[in-house]
Each structure stands twice: as C-alpha cells, then as structure tokens.
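Both ligands and their constituent atoms are indexed starting at 1 by order of listing. The structure presented is a predicted model; accordingly, all values stated were derived computationally and were not measured.
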Amino acid sequence: MKEVNLNTGGSSYRISTGRSIVFAENQFHDLLSKKDRVAVIVSSRILELYDSRIKGIFRSYNNCDFFPMKDGEENKNYKYAEKFLNDLLSGGYSRNSAIVGIGGGVTGDFAGFIASVYMRGISLIHVPTTLLAMVDSSIGGKVAVNISAGKNIVGSFYQPEMVLSDTDFIQTLPENEFKNGITEVLKHAIIGEEKLLTILEENNLKSLRESDNVEAIVYLSALFKAKVVEKDEKEGGLRAILNFGHTVGHAIESLLEYKTISHGEAVAIGLLVESEISERIGWLTEQEKRRVADLISKYDLIYNKYKVKTNDILEHMKYDKKNTAGKINFVLLKGLNNPVYNQNVDIDLLKDVLGNLIF
Ligand code: GLY
C-alpha cells in the first residue's frame with residue numbers, strides 16, 4: 001500500500017492506494033467507530049459483485065445503512081439528493097454521522113454532495129472503484145449534482161476525511177470504463193507527470209491492466225493531482241491545468257446530452273483538439289502532438305464514432321462554467337509538461353481544428 005497526504009488550508013487527509021486495502025482489517029476503524037450512524041452509498045454494480053464482502057466491512061459499526069445507486073449521470077440529480085436528505089433526517093442521522101461513497105464518479109460526486117450539505121457538513125470517506133474515480137474524481141474535493149440546466153451546477157469543494165483506492169476493483173471493471181480512466185491518466189501524463197507518460201508509452205491496453213501497472217498509475221496520478229490541489233484547492237488559478245482537454249470535452253458531452261458519449265471519450269477528443277491547437281500556434285512540436293495522438297489511438301480511447309457539427313460544439317462551449325467574462329477558457333501546452341491556463345483561441349483556428357479532427 002502507498003499513501004499520498006493531501007493538505008489543503010482547512011483539511012488534511014490520506015489517499016491510500018494499492019491492492020486489497022478496502023477489505024483489510026481496521027481501515028475504517030478510526031473514522032467510523034465513534035459515529036452514531038453510517039450511510040454507505042454504493043454503486044449497484046459494485047454491490048452486486050461484492051455484496052457480502054462490502055457488507056462484512058461495515059458489520060462492526062453502529063447503525064449502518066446501505067443505499068445502492070445506479071451508475072449514470074441522470075441519477076446524480078438534485079431531486080434525488082433532496083429525497084435522500086429527507087430520508088437521512090427521518091432515519092435519525094445527526095451531525096455525528098458519516099457518509100461512505102463506494103463506486104465511480106457518479107456515486108462519489110453524489111455521496112460527497114450529500115455529506116457536504118447535510119447539517120452543514122458531515123464526515124465523508126471515498127472508496128473509488130473505477131480507474132477514473134481513483135485517478136481523478138475522488139481526489140480534490142469537487143462534489144456536485146446536476147440540475148436540468150446543466151451538469152455539476154450545484155456543488156462545492158468539500159474534502160473527504162479519507163480516500164481508499166483499492167486497485168483490486170479494476171479487475172472487474174468493464175474495458176471501456178478502464179479506457180475512460182486511462183484518458184485522465186494520459187491528461188496527467190501530458191500536463192506534468194512524465195513517469196506516467198513513460199508507463200503509457202511502454203505498455204499497451206492489456207499490459208497496463210496488470211496489477212503492478214494499475215497500482216503505479218493510480219499512485220502517480222493521486223500524487224500529481226494532490227500536489228496541484230494543495231497549491232490551489234478552489235481553482236483560483238493553477239488547478240485549471242487539470243481542465244486540459246475539458247473545454248472541448250465538456251462541450252461535446254453536453255451536446256450529446258451525456259448519453260451517447262462517455263466522459264473519457266469526450267475528453268480524449270478534447271486532448272486531441274487542444275494539442276492540435278497548441279501545435280498550430282507553434283507551442284507544441286509536431287512530434288509532441290503525435291505522441292499524444294498515438295497514445296489515444298494505441299489505447300483506443302475514442303472507441304465509438306460520433307457525428308457532431310463544429311457550430312454545435314462552439315454553441316455548447318459558451319455555457320461552460322469554466323468561462324469567465326464571456327470568454328471561453330482553454331488550457332494549452334507550451335510543450336509537454338508545460339500547460340498554460342486561461343488561454344483564448346482564435347475562433348477561425350478553433351473552427352478549422354474541430355472541422356478537421358472530428359468529421
Ligand atoms: N477534474 C478536475 C479537477 O478536479 O479539478
């Protein structure tokens with residue numbers, strides 16, 4: 001097991017990564033033994049696969065309830081959150097209760113949101129079970145639910161008290177979900193963690209899934225992201241580098257209503273587009289851009305075909321919450337490992353790159 005400590009101004013917690021750590025004795029003891037109730041919000045897929053083992057972990061704690069949650073963005077919504085909060089109140093949950101979220105990004109975001117608002121905030125533990133949640137969404141305290149006007153519009157920064165990333169869960173992760181996580185690993189590799197770039201270049205889809213490699217990419221990503229979040233928890237500046245690929249990615253996801261395309265695929269398209277723009281303005285060499293494109297193709301990160309029109313993507317970019325003063329903000333690369341945030345892109349160049357890459 002390896003540990004990363006994340007210290008923000010207001011909180012400090014450990015992110016443990018490694019094999020078979022969730023089911024090991026005493027992982028939760030210090031945090032949960034004094035709680036009066038524990039709500040375990042758990043992905044239905046994970047509960048089906050690990051039912052008795054998961055319930056076994058919590059057997060010794062007071063008044064533990066299990067709440068299965070279906071995967072899919074549509075379930076992470078404000079209406080369901082309100083119902084859930086009412087159920088916690090009628091179920092006797094207090095300020096001394098805790099929430100544990102076990103699952104992918106949807107479960108983690110929802111569990112985090114509930115913990116952040118219930119009685120002005122109660123204890124939260126994240127147990128991410130997808131690669132994407134382990135390397136990205138469980139780290140750094142972004143929690144949110146969706147409203148009809150948009151994804152993650154209602155939320156906050158709320159740090160958990162512990163993150164346990166047990167890489168054994170990756171063994172039962174569907175292949176496309178694994179690819180979605182690789183996209184965020186690739187993003188970290190491109191914007192600053194060279195060791196990840198080496199691992200991705202030396203492996204392939206099959207070998208990357210071997211335990212040692214999974215452990216390495218989860219640990220290195222957690223370490224990298226924790227360092228960025230420590231410097232800028234609330235995304236006043238530097239943290240925006242983690243949005244590389246996401247200006248285009250979010251617009252495509254929104255255009256396709258979060259249904260037909262996965263977050264990973266949309267961001268992979270975004271990585272291609274934003275690398276291409278960086279090259280066209282002379283910041284990235286042709287060879288560097290090719291390294292990014294080759295990895296996207298080697299790991300098959302865009303695994304379906306999509307028809308999206310340039311003008312529709314541009315329209316959806318206007319509503320991105322990363323925009324400031326009506327300006328669409330991009331992260332661009334001045335070479336690999338050198339991201340620059342808050343960049344504006346000439347509209348004709350943007351149209352040209354989108355047109356060339358996506359149709
Ligand atoms: N996923 C980007 C961030 O957490 O800031």
Q: Answer with side chain, backbone, both or neither: which part of V229 has a heavy atom less than 4.0 angstrom from an atom of ligand 1?
A: neither
**Q.** Test: K2 cationic atom under 6.0 Å from Y219 six-membered ring centre, within 45° of axis
**A.** yes
Q) N/O to N/O below 3.5 Å, does that happen between R239 and ligand 1? A) yes
**Q.** Spacing of NZ belonging to K187 relative to CD belonging to E274, to within rounding of 0.5 Å
**A.** 11.0 Å
Q) Does K225 reach ligand 1, in the sense of a heavy atom lying below 4.0 Å from it? A) yes
Q | Flag for S275-S278: side-chain donor and acceptor within less than 3.5 Å | A | no
Q. With a cut-off of under 6.0 Å to the ring centre and 45° to the axis, is K55 in cation-pi contact with F66?
A. yes
Q.
Could you tell me, atom by atom, which parts of ligand 1 come under 4.0 Å of a heavy atom of L242?
A. 2 (C), 3 (C), 5 (O)
Q) Closest non-hydrogen protein atom to atom 1 (N) of ligand 1, residue and atom name please, with distance? A) D136 OD1, 3.1 Å
Q: Indicate whether any N or O donor in one side chain lies under 3.5 Å from an N or O acceptor in the other, for H263 and E184.
A: yes
